Amino acid sequence: MMFGWLYRRFFLFAAVFVGLVFAVCGFWLLLGVTCLCAGMVTAELPERLEAWHGF
């Protein structure tokens, strides 16, 4: 009886831990994609400004 409780508790802990790891990885992935997009927009900004102002 005790083993079943321990078994379920272990799997609950493992599921929560894996969920947290995936959440953290997802957060860093989202942050990385955001930084990549911001970098691409910033890299194109001088060309866009030149096109808008006709320099």
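What you see is a predicted model, and the numbers here were worked out from it, not measured in a lab.
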Give the cluster check for F27 versus V24: same hydrophobic cluster or not, with ILVMFWY residues linked at side-chain heavy-atom distances below 4.5 Å.
yes
Supply the atom-to-atom distance L29 CG to T34 OG1, rounded to the nearest 0.5 angstrom.
9.0 Å
Taking ring pair (Phe, Tyr, Trp, His ring centres under 6.0 Å) as the test, write out the residues that go with F11, two or more places apart.
Y7
